[in-house]
Amino acid sequence: MDPFTTHTGRLAPLDRVNVDTDQIIPKTYLKTVHRTGLKAGLFADWRTRPDGTPDPEFFMNQPRFDGATILLTRDNFGCGSSREHAPWALADYGIRAILAPSFADIFYNNCLQNSLLPVVLPGRDIQHLFDEVRADDPARPLHVTIDLAAQTLSTTRQAAFRFDIDPFHKHCLLEGLDTISLTLRHESEIAAYEDRARRDTPWLFQDLHS
Amino acid sequence: MVAHTLFDKIWARHTVHEDADGATLLYIDRHLIHEVTSPQAFEGLKRAGRRPRRPGTVLAMPDHNVPTTDRRALDGTDPLSRLQIHTLERNCAEWAMPMFAMEDRRQGIVHVAGPEQGFTLPGMTLVCGDSHTSTHGAFGALAFGIGTSEVEHVLATQCLIQKRPRTMEVRVDGRLSPHCSAKDLVLAIIGRMGTAGGTGHVIEYTGEAIRALSMEGRMTLCNMTIEGGARAGMIAPDAAAFAYIKGRPLAPSDALWPRAVRHWETLRTDPGAAYDRRLEIAADDISPQITWGTSPGMVTGVEGTVPDPRAVPELDAREAAARALDYMALRPGTPMVDIKIDRVFIGSCTNARIEDLRLAASYLRGRTVAAGVRAMVVPGSGLVKRQAEEEGLDEIFRAAGVEWREAGCSMCLAMNADVLQPGERCASTSNRNFEGRQGKGGRTHLVSPAMAAAAAVAGHFVDIRHWA
């Protein structure tokens, strides 16, 4: 996994609550056996209007948000299906961090597995950032810098906001760690656990056969 | 002695290692796999030169993509679905993992076919790359959905690195009305709690109304727990759970059975154990539920009307409600029973078990589907289908003009050919009414099997409490 240390980029606003993973990437785009190339499906049903033409209101169709790398959104982002295709599609489009007052649990974990930083900020800070984007001068667009080690987020116009992140997740992101390797370091403990559990609950060790 | 919750007991028993910062290495007993979220996990495993640690803890089957008309339809229509299903078959063959192929009578939706085989047992940890894995908590297991990277993690290590969730008790006392089922109960709970009300929590359902639920009903309840944001739902295993499990192909047998039951009987929350949060619901107050919006928490009783977004106090929720009504093409104040439907879908991991089909059939017996309505029943597994046919339910459905299909996820998420057309309105027993979930532009109302069947006959929603 690539490390995440600091990142500076522009904001892409998505002012909706409860954005579910069916919207982030509709099911038509799940029929793949690869992790790459999924940006084609990103918000596919919201990018276009029912007649098939691009929706000019949607951030992905507005030239001023071209190249924006930080998604700004509302509560319960990523609810619904566990599909990791959602963070894959966001990352493939170039999103490196997502700012929201809250995230759905499975989506949050899936982001961490892909060096995509989910940042939880209080609703008032999120509102402040939406206001800043709305008032933005396209000639001098707002830039946001996220410093994971310091757990701060600052804009070109504003002092830093602080955010919380679990210390284990922070460590993995900063170092770009492969979490499977981390688990495999505990091989002897896993084996000891299995010996014990096999004795105590043998019915869980009657393996199935193909 | 310290009092522990059911969750505490399973968590403690499965902890392999705990870091000072609280990251817990949790042992995973069993793993369900399907064709959509597993190919990249196998690919990652191979790229890293790793192999599955315990292939015998895995049960795989294709479900999301399979055709429900005729299995041979897979060869004709959709090369991408075919590739995913064949990739699953190849991966399972390579690692000698048990798999129910599409033609296997035992194949079905993982969350229906797994419990049916006795794969799910009390006290175990169970995962699947599917959010509705919460279903299996009905047996007193800790079961939750994971992403594909975590699928790979479990294949390689039989463990997951987890942060301990908080606990929440949802206590349901009283009795559900005879016209209400677990589906109405869970929709009412999500309506109360909100779609993010359970975030960060594992819910244990307790109380008289929960004890009274059948195992099918408990699975429906735990299944939709994820729609309230909670990672998992669970119910302490009791005699009903043991009776369901006993004798199933993968259940412990002979001398192991009494030993397992003795252990399972300890899996209950001790008196005085503390939950981080509690919610109390009175079952008697619940009427048949219908969603009106594009999130499962946008729900009301059948006696209600489409709400007015202007009456919603919070700005975010007000805008979401207005947007939902626009998408759903509904006007505030419209009685729910005046909403006409085009399609009916009875199926999904929420409501495609034998009890659900019996209930739907009881409303369709001797009746016919309203003119202009297209209805289908998609059983949750090949064995559910066979049992329904042995009981003659298929004849009731066919005589009513309902399509009788092969098992699969079907129009719950519409990855196969079963799709709503733009603008079509559907009474659905599935779990998600998100925009476009059942087909781009499709409009979904989540209901119980009884409400869906009655709507099929009437052509609009009806209050089944007053329906002759």
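Throughout, protein chains are lettered first and strands after them, A, B, ... in sequence-line order, and every chain is numbered starting at 1. What you see is a predicted model; the values in this text were computed from it and never measured.
With a 4.5 angstrom heavy-atom cutoff, B:E43 touches chain A only via side-chain atoms. Only the backbone of A:F103 comes within less than 4.5 Å of a heavy atom of chain B; no side-chain atom from C-beta onward does. Looking at B:S149, the atoms closer than 4.5 Å to chain A (heavy atoms on both sides) sit in the backbone and in the side chain alike. Proximity to chain A (any heavy atom under 4.5 Å) is restricted, for B:D29, to the side chain, taken from C-beta onward. For chain A, no part of B:H64 is nearby; none of its heavy atoms comes within less than 4.5 Å. Proximity to chain B is limited to the side chain of A:H186, based on heavy atoms less than 4.5 angstrom apart. If you measure heavy-atom distances from B:V151 to chain A, you find no contacts under 4.5 Å at all. With a 4.5 angstrom heavy-atom cutoff, B:H263 touches chain A only via side-chain atoms. Neither the backbone nor the side chain of A:H169 comes within contact range of chain B, judged by heavy atoms closer than 4.5 Å. Contacts of B:W264 with chain A are made by side-chain atoms alone, with heavy-atom separations under 4.5 Å and no backbone atom involved. Interface residue B:R323: only side-chain heavy atoms are found under 4.5 Å from chain A. Neither the backbone nor the side chain of A:T28 comes within contact range of chain B, judged by heavy atoms closer than 4.5 Å. Contacts between A:T32 and chain B at a heavy-atom distance below 4.5 Å involve backbone atoms as well as side-chain atoms. Heavy atoms of B:N431 lying under 4.5 Å from chain A are absent altogether. Residue B:A93 does not touch chain A at all, counting heavy-atom pairs closer than 4.5 Å. With a 4.5 Å cut-off on non-hydrogen atoms, B:I146 touches chain A through its backbone but not through its side chain. With a threshold of 4.5 angstrom between heavy atoms, A:P26 does not approach chain B through any atom at all. If you measure heavy-atom distances from A:E189 to chain B, the contacts under 4.5 Å come from both the backbone and the side chain. Residue contact with chain A, scored on non-hydrogen atoms closer than 4.5 Å, is absent for B:S38.
Between A:P202 and B:R259 there is a side-chain heavy-atom pair separated by less than 4.5 Å. Side chains of A:C79 and B:T195 form no contact here, defined as non-hydrogen atoms less than 4.5 Å apart.
Scanning both residues, B:S131 and A:S82, for their nearest heavy atoms gives N-OG, 3.5 Å. Contact detail for B:R231 and A:D105: the closest heavy-atom pair is CD-CB, 3.9 Å. The nearest pair of heavy atoms linking A:I106 to B:G147 is CG2-N, 4.3 Å. Residues B:Q84 and A:L30 share a closest heavy-atom pair of NE2-O, 2.7 Å. Considering every non-hydrogen atom in both A:L204 and B:R54, the closest pair reads O-NH2, 3.2 Å.
For A:R124, the CZ atom sits in a loose shell: 12 or fewer heavy atoms of surrounding residues, nucleotides or ligands are nearer than 6.0 Å. More than 12 heavy atoms of other residues, nucleotides or ligands sit less than 6.0 Å from atom CG of A:D195. Taking a 6.0 Å sphere around CG of A:D131, one finds it holds more than 12 heavy atoms contributed by other residues, nucleotides or ligands. Shown here is B:K440, whose NZ atom has more than 12 heavy atoms of other residues, nucleotides or ligands within 6.0 Å.
Taking CG of A:L208 as the start and CZ of B:F119 as the end, the distance is 6.0 Å to the nearest 0.5 Å. Summarising the geometry, atom CG belonging to B:L250 is positioned 11.0 Å from atom CG belonging to A:D207; distances are rounded to the nearest 0.5 Å. Atoms CZ and CG, on B:F434 and A:D22 in that order, are 6.0 Å from each other to the nearest 0.5 Å. Atoms CD and CG, on B:E314 and A:D75 in that order, are 10.5 Å from each other to the nearest 0.5 Å. Distance check: A:Q206 CD to B:L121 CG gives 9.5 Å after rounding to the nearest 0.5 Å. Note that the CG atom of A:L112 and the CD1 atom of B:I161 stand 11.5 Å from one another [nearest 0.5 Å].
Counted by atom type alone, B:R437 and A:S81 present zero donor-acceptor pairs between their side chains at under 3.5 Å.
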*Kindly indicate, with the supporting measurements, whether the criterion salt bridge (Lys or Arg N to Asp or Glu O under 4.0 Å) is fulfilled by B:R53 and A:E194.*
CA-CA 12 Å; B:R53 183 181 177 88; A:E194 286 176 334; 2.9 Å; yes
*asked:* Please evaluate residues B:R50 and A:D178 with respect to the criterion salt bridge (Lys or Arg N to Asp or Glu O under 4.0 Å), reporting the C-alpha separation (whole Å), side-chain torsions for both, the decisive distance (0.1 Å), and the verdict.
replied: CA-CA 13 Å; B:R50 293 173 177 138; A:D178 166 20; 2.9 Å; yes
*Stepwise, does the side chain to side chain contact (heavy atoms under 4.5 Å, CB included) test hold for B:R13 with A:D200?*
CA-CA 10 Å; B:R13 186 174 272 274; A:D200 294 347; 3.8 Å; yes
*Kindly indicate, with the supporting measurements, whether the criterion side chain to side chain contact (heavy atoms under 4.5 Å, CB included) is fulfilled by B:E150 and A:N110.*
CA-CA 8 Å; B:E150 291 175 315; A:N110 285 342; 4.3 Å; yes
*Take A:Y193 and B:H17 through the side chain to side chain contact (heavy atoms under 4.5 Å, CB included) test and state the conclusion after the steps.*
CA-CA 9 Å; A:Y193 173 91; B:H17 175 88; over 6 Å; no
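For the side-chain contact (heavy atoms from CB on, under 4.5 Å) criterion with A:T183, the lone passing option out of B:L25, B:V154, B:V16 is B:L25.
Geometrically, B:R30 does not engage A:W203 in a cation-pi contact, judged by NZ or CZ lying under 6.0 Å from the ring centre and within 45° of the ring axis.
Between B:E435 and A:R16 there is no salt bridge, since no side-chain N of the basic residue sits under 4.0 Å from a carboxylate O of the acidic one. A salt bridge links A:R35 to B:E152: at least one charged side-chain nitrogen sits closer than 4.0 Å to a carboxylate oxygen.
Per-residue heavy-atom pair counts under 4.5 Å with chain A were compared for B:A260, B:G145, B:A414, B:A48, and the maximum is reached by B:A260. Ranked by heavy-atom pairs shorter than 4.5 Å toward chain B, the options A:R83, A:E187, A:K31 are led by A:K31. Counting heavy-atom pairs under 4.5 Å between each of B:G229, B:G441, B:G198, B:G200 and chain A puts B:G200 at the top. Annotation: maximal heavy-atom pairing with chain B below 4.5 Å, among A:D45, A:N18, A:V17, occurs at A:D45. Ranked by heavy-atom pairs shorter than 4.5 Å toward chain A, the options B:L59, B:L83, B:T199, B:D19 are led by B:T199. For the options B:L413, B:L160, B:T57, B:I226, heavy-atom pairs under 4.5 Å to chain A are most numerous at B:L413. Interface summary for chain B: among A:Y108, A:F107, A:F168, the most heavy-atom pairs under 4.5 angstrom belong to A:F168.
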